Amino acid sequence: MDQKFYARPVLEVAQDLIGCLLTHGPCSGVIVETEAYHDSEPACHAFIGVTPRTETLFGAPGRAYVYRSYGVHAMLNAVCEPEGVGAAVLIRALEPVDGIELMAVRRGAAKLTGLCSGPGKLTQALGITLADNRSDLTHGSIVISERPDGSGDPVIQRDRRIGITKATELEWRFCLADSRFLSRPVGRVARA
DNA sequence: CATGGGATTGACT
DNA sequence: GTCAATCCCATGC
């Protein structure tokens, strides 16, 4: 997948990433859940403008934006839209494919469905850290590759984003229909 | 320099 | 269901 794939509206890229394969070292998984973020809405880190932290978001598309959440977890995003626009797709869940044993060790022997069912979980399982921030998703240590031809277009469900406190009304979360590997089921109210 | 908040998770009641 | 852990960084004095 080339840079042009990412230099498009973030909502399109978020949907098109569903079903793609994400690989880091010996571990890989199929993307089953994403969320879109854009500098026009306050839930996006880029909403506040360009700072040292958000510089990656406004930079070249096709790069990784990795940041630490709640002081504990790394979150992996794919930077989208042309340079100068602050937008990214958060990778929220994977269906494990390769390196499952290593993922289980890193995660502490969780069940298969719990290995990558959340944005903090999948970075832990794949060994992605803040050092991967700004790395190139088209040729770097993290690679996202197209879904196989003939697998057909996946059926995608749309929902509200999870875990945010602003712009909660936007339905910018995309899930592979009926996947067992989502961070949460579709169609429930996120957060009590 | 001090402070406060957050795109989460997991342990506990 | 509730709640703490823990750190990066934006903001304000």
Side-chain angles (χ1 to χ4, degrees), chain A residues 6 9-11 13-15 17-18 22 29 31-59 61 63-81 85-94 96 103-135 137 142 144 157-176 180-192:
Chain A
Y6 298 100
V10 67
L11 287 173
V13 180
Q15 294 175 71
L17 281 174
I18 299 291
L22 175 69
I31 298 171
V32 297
E33 180 178 346
T34 62
E35 282 177 3
Y37 289 85
H38 189 275
D39 61 25
S40 61
E41 47 90 14
C44 183
H45 292 172
F47 183 69
I48 59 173
V50 181
T51 66
R53 183 196 201 186
T54 63
E55 190 183 0
T56 312
L57 283 169
F58 287 92
R63 300 295 198 94
Y65 168 55
V66 184
Y67 72 96
R68 190 169 299 287
S69 173
Y70 293 91
V72 181
H73 307 283
M75 302 283 174
L76 172 64
N77 300 251
V79 175
C80 294
E81 311 245 359
V85 179
V89 174
L90 171 68
I91 311 297
R92 286 193 56 89
L94 305 177
M103 293 192 213
V105 170
R106 286 177 175 145
R107 293 269 306 119
K111 293 192 168 307
L112 186 62
T113 51
L115 284 185
C116 301
S117 59
K121 295 178 183 180
L122 73 90
T123 54
Q124 185 188 15
L126 297 208
I128 292 167
T129 67
L130 297 199
D132 296 300
N133 192 31
R134 284 162 110 29
S135 78
L137 295 172
I142 304 170
I144 299 179
Q157 292 179 305
R158 191 170 182 158
D159 199 5
R160 288 149 88 111
R161 292 178 293 183
I162 292 176
I164 53 172
T165 57
K166 294 167 236 170
T168 54
E169 74 285 358
L170 297 175
E171 297 199 329
W172 285 10
R173 176 183 179 227
F174 300 95
C175 297
L176 180 63
R180 304 151 46 219
F181 300 94
L182 303 177
S183 63
R184 323 181 81 150
V186 176
R188 307 281 191 284
V189 176
R191 289 257 175 268

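Source: prediction; values computed, not measured. Residue numbers begin at 1 in each chain, while the letters A, B, ... track the order of the sequences.
Counting to the nearest Å, the P atom of C:dC9 and the CD atom of A:Glu55 are 11 Å from each other. With rounding to whole Å, A:Glu169 atom CD is found 15 Å from B:dA7 atom C1'. Whole-Å rounding puts the A:Arg106 CZ to B:dT9 C1' distance at 18 Å. Look at OH on A:Tyr37: it is 13 Å from P on B:dG6, rounded to the nearest Å. B:dT8 atom C1' lies 15 Å from atom CG of A:Leu76, rounded to whole Å. Between A:Met75 atom CE and C:dC9 atom P the separation is 15 Å, expressed in whole Å. In this structure, A:Ile164 places its CD1 atom 15 Å from C1' of B:dG5, rounding to the nearest Å. If you measure from atom CZ of A:Arg107 to atom C1' of B:dT9, you get 8 Å, rounded to the nearest angstrom.
Closest approach of A:Cys44 and A:His38 over heavy atoms only: CB-O, 3.1 Å. Across all non-hydrogen atoms, the minimal contact from A:Leu130 to A:Arg68 is CD2-N, 3.7 Å. Considering every non-hydrogen atom in both A:Glu55 and A:Val50, the closest pair reads CA-CG1, 4.5 Å. Nearest heavy-atom pair, A:Tyr37 versus A:Val10, reported as atom, atom and distance to 0.1 Å: O-CG2, 3.9 Å. In this structure, A:Ile144 and A:Tyr6 approach most closely via the heavy-atom pair CB-OH, 3.6 Å. The shortest non-hydrogen separation linking A:Ala43 to A:Lys166 is CB-O, 3.4 Å.
A donor atom on one side chain and an acceptor atom on the other are found under 3.5 Å apart for A:Arg107 and A:Gln124.
Considering only the side chain of A:Ile162, B:dT8 comes nearest among B:dA7, B:dT8, C:dT11. For A:Ile48, counting side-chain heavy atoms from C-beta on, the closest listed nucleotide (B:dT9, B:dA7, C:dT11) is C:dT11. In this structure, the nucleotide among B:dG10, C:dA10, B:dA7 sitting nearest to the side chain of A:Tyr67 is B:dA7.
A:Glu35 pairs in a salt bridge (Lys or Arg N to Asp or Glu O under 4.0 Å) with only one of the listed residues (A:Arg161, A:Arg160, A:Arg92), which is A:Arg92.
The CG atom of A:Leu90 lies 5.0 Å from the CG atom of A:Asn77; values are rounded to the nearest 0.5 Å.
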Can you give me the N/O atom pairs linking the protein to nucleotides 5-8 of chain C at distances under 3.5 Å, or say none if there are none?
{"from": "C:dT6", "atom 1": "O3'", "to": "A:Gly71", "atom 2": "O", "distance (Å)": "3.4"}
{"from": "C:dT6", "atom 1": "O2", "to": "A:Tyr70", "atom 2": "O", "distance (Å)": "2.3"}
{"from": "C:dC7", "atom 1": "O4'", "to": "A:Gly71", "atom 2": "O", "distance (Å)": "3.4"}

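Listed pair A:His45 / B:dA7 meets the phosphate criterion, a side-chain N or O lying under 4.0 Å from OP1 or OP2. Contact annotation: A:Lys121 side-chain N/O to B:dG10 OP1/OP2 distance is under 4.0 Å.
Among the atoms of the strands shown, none is found under 4.0 Å from any heavy atom of A:Arg173. Backbone-only engagement by A:Thr165 is indicated by non-hydrogen atom pairs under 4.0 Å involving sugar-phosphate atoms exclusively.
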* **Worked verdict on A:Phe58 versus A:Val85 for side-chain contact (heavy atoms from CB on, under 4.5 Å)** => CA-CA 5 Å; A:Phe58 287 92; A:Val85 179; 5.8 Å; no

* Fill in the dot-bracket string of DNA chain C, one character per base: . for unpaired, | for a pair to another strand, ( ) or [ ] for pairs within the strand, taking Watson-Crick or G-U pairs under 3.5 Å. => |||||.||||||.

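Using C1' as the reference atom, B:dA7 and C:dG1 are 22 Å apart when rounded to the nearest Å.
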